[in-house]
Every structure is written in C-alpha cells, then in structure tokens.
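In what follows, every chain begins at residue 1, and chains take the letters A, B, ... in the order their sequences are listed.
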Amino acid sequence: MSEVSKEYNFSYIEEKWVKSWDSSIYHFDWESKKPQYIIDTPPPYPTGNFHIGNALNWCYIDYVARYKRMQGFNVMFPQGWDCHGLPTEVKVEELNHITKNQVPREEFRRLCEKLTDEAIVRFHKSMGRLGLSIDWSNEYVTMKPEYYGKTQTSFVRMYENGQIYRDDHPVNWCPRCGTAIAFAEVEYDTRTTTLNYMRFVSEEGEMQIATSRPELLPACVAVAVNPNDERYQKFIGKTVRVPIFNYEVPVLSDSVVDTSFGTGIVMICTFGDRQDVRWWMEHHLPLRQAIDREGKLNAIAGPYQGLSVTETKNKITEDMKNEGIIFKQEPLEQNVGLCWRCKTPIEILSERQWFVKINAEEIKKAADEINWVPPHMQVRLKNWADSVEWDWCISRQRIFATPIPVWYCRACGEVLVAKEEWLPLDPNQKQPSVKCKCGSSDFIPEKDVLDTWMDSSISALAVAGWPNRKDLRMPTQLRPQGHDIIRTWAFYTILRTQSLEGMRPWDTILINGMALGEDGHKMSKSLNNFIRPEEVFEVNGADALRQWGAMGGSPGNDIMFQWKEITAASRFQQKLWSIFRFALPLIADVDASPCQVDRWLLGELDQLIDKTTQAMDAFQFDETMKAIRGFAWETLADNYIELVKARLYGPDSPEKRAAQSTLFKALETIARLMAPFTPFISEEIFHTLRGKSVHVQSWPKTSGIAVDPAGLAIKEIAASLRRYKAELGMALNSPLPGIVVYSELGLETFDLSGVANSNVDSRTTGPEIEMKPVAVKPQMKILGPRFKDKSGKIIKALGGMDPADVASQKAKGSIAVLVDGETIEVPPEAAEIVMETLSAGLAVDVLRLEKATVLVRR
RNA sequence: GGGCCCGUGGUCUAGCUGGUUAUGACGUCGCCUUGACAUGGCGGAGGUCAUGCGUUCGAAUCGCGUCGGGCCCA
C-alpha cells in the first residue's frame, strides 16, 4: 500500500491493464434479462491506420458503452469492418504493380482480402491500446461469406418484395474507375472551363447556342429556349440542324431555361448533366449516347470515335472554330461532378444497372421516430431525402465487393435470382442447380458487384441477429456516427431497415463532429497537421487522449486537437494520483458518523452524482468530465483535504474515522464516475481500494446526504482565512493569535484550527459589533415578472433609497417605493441588503460571511 | 444559388427553453517551498458575448438583416 510512486506512471499502468484485463466482461449476453443496449458501431474502412478522428468517435462510443453497462444494461459494443471498395483495389494494384484485369478475379480478390486483414490487425492494436470496451464476440467482417451472405440475403428479399429492380437508366459514371457510382458518391468542385458560342442553322434562321461541352454535340437530341423569351418565339416547334453531324433536332420550350445564361438557347444532350436527364425524361427525347464506359467517344461521334472526352473537346472546338461555327469563347466558372474517390469528372451514361427504390417519405417518417442528438442534424437527412431524384444505383463494375447473386439465361435472357438457402455464393464460381423456365441450364453469371453501402447499411440488422435469430433485437439503441455520412450510411440504413423489417433501425442517433488539426483544418497528411493516436499514447497516455475527447467540446461540434488540452488532461491525472497517494495510507473503509465538514463533502458528492448522471443521459460528456474534475480538484483536494488533514494525521478518534471513511468514499466514487472516461487510472485506484475491477461496478447512486450548511460555512471561513493571510503576506501555515467564529449553526472548531494552525473558538451568538446596511441589491427575478415595465424605475428608486431605511422596511415585511409620485409596495425578497461591518476601533479584523462572522485577533 | 451550424477575455471553450457579478482550460501578472502534488496553492488583470435593427420591463440567450468562418448539397 505504501509504494505509490510520486509521479503517475501512465505507460506502465496502462500497459499493465491492457495486458491483464479480461475482455469477456464486455460480451453481450444473448440470454440476459437485463435491458439491452445495442450500439450500431461504425464499421471503419480498414485501410491505413486508426487516426485521431477514429479515436474521437470511438471514445464517444466507449463512454456510452461503459456508462450504460454500469447503469445495468446488457450492452453490445460490436465492431465491424467495412472492407469492400475501390481504395483497397487501387492499393492492391499499386503494391503489386498490376491492374485488376491482369490477374484472375479470385486472385485479385484474395490480394484485397490479405491487405484488409493486415489493416484490421493494426486497428485492433490501436483500439485495444485506447482502452475501448469492444465486444469482440460480436465482430463482423463484411468481406467474409458469413457477412456478405447477409448482404446477399437482403438483396434477394428486397428483390422479391419489389424494392430492387434492374433497368436502363442514366447513372453517374466514373470513366477512370470504370463503374457506376451513386449520387452520394458524387462531389462537386468549381472548375474553370470555356463557354463556346456556336451557330446552328434552322429554316427560321441562325440560332446561337452557348455550351461548355462541345464534345457532346453528337449527343445533342434537342435545343431548348424559354417560352417567355421573345427573341426565340419563332423557333419553337421547328427543327434545327446540328452542325458537323448534320441531323435535325427539335426546338423545345421549357421554363427552366435561363434566359440570361449564354444566349438563352441551350443544347440538350444525353447526357451532359442532371438537368439534361430531367429534360430527356420530361420531353420523351431519344437517346444518343456518344460516350462509352471508358470515357471515349463511340461510333455516333463519327470522326471523333475512339478519342477521349478531353481530346474530342479540343479537336472539335478547333474544327468548329476553323469552320466558323464557334464564333466566340469566354471563360466559365462551373461546378463539375467528380468521383469522390478519384476526383475524375463523372459522365452520365444510360446503363443497365440494379437499383433500390427510394421512398423519401417513408425514410423521413422513420427518421422522425429517431431521437437525433443534436436535433438539427435530422434536417440534413430530410434535405437529402427531398433532393434525391433517382433511385439508388447499387451495381458496380468492380471486383472486391459483395457479388450480386444473379445469373441470366443464355437462351432466353431470363433473370435468375439466387434462392436464400443457396447463399452465400459468387455466381461466377457456381452455376445454379435449377433450370431456367425455358428449360435451358446454360447461365451467364452477373459480373457486377454491389455498392459497399449495401453491406454497411444492414449493420444494425446484422448485429441485432438478422436474419437468422428468432429474437431479432431491433430496433437497436444507438447509432453513433459522423455528420459527413448522414446522406449515405444513416440514410441507407434507415431505408434498408424500413424496407426489410418495417421499422426504424435505432432509438437514438448520436452525431459526432470531426477531429480537426491544431490549425483548425481537417487533419490530413498533406496539411502536415496529422497526429497519430500512438504519439499521444507515448507522450501522455490513452487516458489523457480520452479525457481530451470528453472535454475538448460537445458532441456534434467539430473539435480541434490541441496538445495543450492533452497536457491539461495529463495534469489532472497527476493531480488525481497525488490525491490518491496522499489518501491511501490515511483512509479506511469504516463506519463513522460524519462531522459537519464531512457532511458538506458528502452532500457535494451527491450533487456531483446527480449532475453527472443527468449529463451522461444527455450524452454531454464535456459537462460530465468537467464536473468530476471540478469536484476532485477544487472541492476535494483544495478544500476538503486541507480541512481534514489535522484529523487524518491526528490520533484515532471518531472524528478521524469520519474523515477517513469520507475520503475513502469520495475517492471510490470518483474512480467509478471516471471509469467510462479514463478506464486505466480509474481501474488502478479502484482496484487498489477494493481489490476488484471498477469495470464491473455499478454507477454510483446518491446517498441522500444534503450539503451541511455548517460544513459549508466552515469551508468558506477557511477560504477567507487563507485569503486574509495572503493579503497580509503571511505564510498560509503561520499561526494567528486567536480566532472566534460566530454562527447560529454552531460550528465545529477542530478542522478550522487545523487549517488555520491557530486556536479557534466557536460561539452561537454575537459578535457585538456594528453592522451597517450600505447598499440595496434589487432582485430582478422577483421584480421583473411582477412589475414588468415598471421594474426599471423601481430598481432605480430602490437604489436611490437609504439602505438603512430599506433594511428596516424589509424587516417589517414590505418595502414602499416611490415611483413617479406613486407609492408601490414591493415584497421583501425583492431587495437584498448589502451589509458592512464597522470594525473601526476594535483590535480585531472581521471577516463577514453569509452564515458566520469571524473575528481575528491582530 | 439553397440548407444546416458557428462567431463569447491573448488562444480554445461552456452557457443559448431570456432575469442583470458570463463557465472552464491554457496563457499572463503578483504572492506563498504549509508534512499528496511547484505538473502545486492563494489572489489578480483581462470580455461593448462578430455587427446593426427589432421583440421585451430585461437579450450572449428570441426574430430579421449584414459581415466572417465551417459543413452538406444544387
């Protein structure tokens, strides 16, 4: 018990506990009778390393998981890995100096799996070191058949209930990745391009059209003007000849056409942008697709066939300039859609793809049943739901993803979707065991694979036991995630849960902010503001990082990483350690009747428990941790411990035992309250005190002890005596000739004499000194609601009155205030009297407090 | 162009279902080596709560506008 080091050796203690903790205490118990608390943890993309942003998110999750466990819930804190996707494919190509088509499909997939497995191992290590209470018995890996079989089951069921269909439809296409992508994967950026003014010829004369994409000329299917545009009335309903390619297209009128952009005449192509798609559908225009899947021009483009989009743009511009078709060019700032992974400008192509129906109303309805923290984040989901125009394209032309369990009959083209009991499977590896309706058994496997969000959007269902468990544990209780993926992960999860099980996926969604670098920008290697969690573990330890996560800001707001915050956190750790080191040889877990100061401390402790419980229930980790810190540092260390030192160092007595047990209780409670935040130091302290793990303890409950006003008065007297000595330049332990405290509360003297190192007398009456009212302090809370617009004048009048007069009226029960010649009766509680002690002529100094008066002999 | 959020002492930040001395941390200044801790203790300085108008007896807090920043999207 005595070999507590002076300095807190965080690395030794944290590593000791990482090694010796039994992680099975964090396992979800499927048989338990306790209320469940299932967390739909984000499955990170296992590539690179676990970074500070991850650390912050997982800290939030861990605070909740540990707190809920202590509150008696059967908690599931699972961990999944969202493996599939392009970044890993690209990385594999890089590392092995191959492209995906140079090796067999299966071989390529194996390379991706290997890379992913390695990343998962790294993540495991970082997460363990951070002290996360993850339930590894509920780990899932989306690239493993056990999981992607579930994804496939969800595909089959949604196909069968009509939520999934296959169709020709315009899709966002990334020519570099060679795949369709969803709207959620398109990002926008401003680029400077050229606006070209071209001459088209019609029977009514020349039409001048401005376009930024001349290479789409062969895909032109119509020309449109605004119906209210007087300049072009005569063209409406006529046809116009597309130059170079020499074919006629109709001239349409549409009120969406912006008369002030370019010439006010717009060329509609299939497809230049989303607006083209809208027009194409509304006006039932034909399809002229000029760009192929590699982003090259096809046969329809005649002389430009085989050239890339950029090459065509340059060449056709040149040709048209030479022929005088383009007569003017100007720069144009334009927002271009980019593939969010590779930043290549996307094209819109019409392709046969698989789609999931999006029912925006149902999604919004489900979102309404979910508790959003903070509430305003729900608006983002609603805005997104309202702006979705096409269904969700879920097929991808890649390899490392969940296979679409479908074949096509070679003879009749019929679609054969796998039966649930065949899953998991890869149609490229396995032929179906049934015949097609037409009698043929020759099938072509579907080569396309599923969008990664198809995997991750069933995470809530998967952890809750879907599809096999009879007792499906839906809805889950909590979805923690970042605001950057509300339109994807949150949106798709709600959609899928709604469509597969007809319910909301979670009770609560907790949105966390992003972790920013010390310069206030998003952490990135290129900005050189990148901090690895391991650096922090080495310098100040995992508990310090976890404290920063709690105290750095409130959830939902972005939070800046700052070393000084980490340092501050580790100072508190050291402070706590010093308290522990001081207390350990002196405390005892004994029954004792608490003294006044003890009852003050225990009352404060009760208030702390109340406050932290409320804050935790509202996910206010910053409030919680600040309250604990304030209690431990100020209330306990700076005040209580200083007050009871004399008792603790003194001979055995009921008073000493009272201090010993109070301090014991305070320390034990702090260890419990901090366990969700700082699991290591909390464990070290609690385990030393109790010989058991703090992580299987319950959250502290209040003991019903109110703050003792006498104890509070003693604490305040001690503080004012310290101030008194400081003002006189005395050492804080220098003795005073004599102190007398006067209070109706009947104050105990032993703690005061100890802390002041002086003799203290306590009296319940007196002292015989003169008190003089010197000011009146109006109470707005009383006056405002009662007197409304008159309160301003009443305050002024009260301030102008003789304080002594107000005091005597107040004592009689009512105060008469003269306002604009009118006498108004004001209740006594509306005015507080500020008193001053007249000590002139006395050989004492007087310290006047709310509940006590102290005379100090000079 | 639209939506959402934010703008609080030198820095970061709490409060924001309105009530008059605005929270805490870091920094800064002065004092104190008191038997857990100088990575400490005590005390102080420092803010027109971005800005303008409005609602109200009363606004950091509610409304509108402006300026600045961030995020999501068109």
Examine G41(B): is either OP1 or OP2 under 4.0 Å from a nitrogen or oxygen in the side chain of Trp633(A)? Give yes or no.
-> yes

Taking the six-membered ring for Trp and the full ring for Phe, Tyr or His, determine whether the centres of Phe10(A) and Phe680(A) are under 6.0 Å apart.
-> no

How would you label the contact of Glu7(A) with the nucleic acid (heavy atoms, under 4.0 Å): base, sugar-phosphate, or nothing?
-> base

To the nearest angstrom, how far is Leu338(A) atom CG from C72(B) atom P?
-> 14 Å

Nearest-angstrom distance, C1' atom, C42(B) to U34(B) | 12 Å

Considering only heavy side-chain atoms of Ser578(A), the closest of C12(B), C37(B), G70(B) is C37(B)

Could you check Asp368(A), Asn383(A), Asn371(A) and say which one makes a side chain to side chain donor-acceptor pair (under 3.5 Å) with Gln378(A)?
-> Asp368(A)

Should Arg723(A) be listed as having a side-chain N or O under 4.0 Å from OP1 or OP2 of G43(B)?
-> yes

Counting side-chain heavy atoms from CB outward, which of C37(B), C4(B), C42(B) is closest to Arg722(A)?
-> C42(B)

Could you walk me through whether Thr749(A) and Ser753(A) pass the side-chain hydrogen bond (donor to acceptor under 3.5 Å, both in side chains) test, one step at a time?
-> CA-CA 6 Å; Thr749(A) 58; Ser753(A) 58; 5.4 Å; no

Answer whether the closest heavy-atom distance between the side chains of Arg647(A) and Val597(A) falls below 4.5 Å.
-> yes

Sticking with atom P, work out how far G19(B) lies from U33(B), rounded to a whole angstrom.
-> 44 Å

For atom C1', what is the distance between A14(B) and C57(B), given to the nearest Å?
-> 28 Å

Can you tell me, in whole Å, how much space there is between the P of G70(B) and that of C12(B)?
-> 14 Å

Closest nucleotide of RNA chain B for Leu586(A) versus for Asp622(A): which of these residues is on the 5' side?
-> Asp622(A)

Give Ala719(A) one of three labels, base, sugar-phosphate or nothing, depending on what nucleic acid heavy atoms sit under 4.0 Å from its own.
-> nothing

Do the rings of Phe572(A) and Trp633(A) sit parallel, tilted or perpendicular, given the 30° and 60° boundaries?
-> parallel

Pairing stems for RNA chain B [at least three consecutive pairs; Watson-Crick or G-U; under 3.5 angstrom] = B:1-7 with B:67-73, B:10-12 with B:24-26, B:28-32 with B:40-44, B:50-54 with B:62-66

From CD of Glu642(A) across to P of C37(B) the rounded distance in Å is 11 Å

Base, sugar-phosphate alone, or nothing: which one does Lys645(A) contact when heavy atoms must sit under 4.0 Å apart?
-> base

Quantified in whole Å, what is the P atom distance between nucleotide A25(B) and nucleotide G40(B)?
-> 12 Å

Just checking Asp638(A): base, sugar-phosphate only, or nothing, at a heavy-atom cut-off of under 4.0 Å?
-> sugar-phosphate

Leu721(A) atom CG is separated from G41(B) atom C1', nearest whole Å, by 16 Å

Establish, yes or no, whether the cationic atom of Arg380(A) lies under 6.0 Å from the six-membered ring centre of Trp372(A) and within 45° of the ring axis.
-> no

Ignoring the backbone of Lys6(A), work out which of C26(B), G3(B), C37(B) is nearest its side chain.
-> C37(B)

For Asn757(A), which contact category applies under a 4.0 Å heavy-atom criterion: base, sugar-phosphate, or nothing?
-> nothing

Would you say Asn557(A) reaches A14(B)'s phosphate, i.e. side-chain N/O to OP1/OP2 under 4.0 Å?
-> yes

Distance-only donor-acceptor test (3.5 Å): side chain Lys626(A), base U23(B) | no

Does Lys575(A) put a side-chain nitrogen or oxygen below 4.0 Å from OP1 or OP2 of G41(B)?
-> yes

Sugar-phosphate, base or nothing in reach of Ile794(A), heavy atoms under 4.0 Å | nothing

In terms of heavy-atom contacts, does NZ of Lys611(A) have more than 12 from other residues, nucleotides or ligands at under 6.0 Å?
-> no

Pairs where residues 537-548 of chain A contributes a residue and the test salt bridge (Lys or Arg N to Asp or Glu O under 4.0 Å) is met, not counting sequence neighbours | Asp62(A)-Arg546(A)

Base, sugar-phosphate, or nothing for Gln574(A), non-hydrogen atoms under 4.0 angstrom?
-> base

Between G68(B) and A50(B), how far apart are the C1' atoms? Round to whole Å, please.
-> 8 Å

How far, in whole Å, is G24(B) from G15(B) if one measures between their P atoms?
-> 14 Å

If each of Asn383(A) and Arg581(A) is mapped to the nucleotide of RNA chain B with the nearest heavy atom, which maps nearer the 5' terminus, i.e. the 5' end?
-> Asn383(A)

Considering only side-chain heavy atoms of Lys564(A), which listed nucleotide, U11(B), G70(B), A14(B), is closest?
-> U11(B)

Separation between the P atoms of G2(B) and A60(B), rounded to whole Å | 30 Å

Considering only side-chain heavy atoms of Val379(A), which listed nucleotide, C37(B), C4(B), C12(B), is closest?
-> C4(B)

Look only at the side chain of Gln660(A) and the backbone of Leu648(A), and say whether a donor-acceptor pair between them is shorter than 3.5 Å.
-> no

Base, sugar-phosphate alone, or nothing: which one does Trp548(A) contact when heavy atoms must sit under 4.0 Å apart?
-> nothing

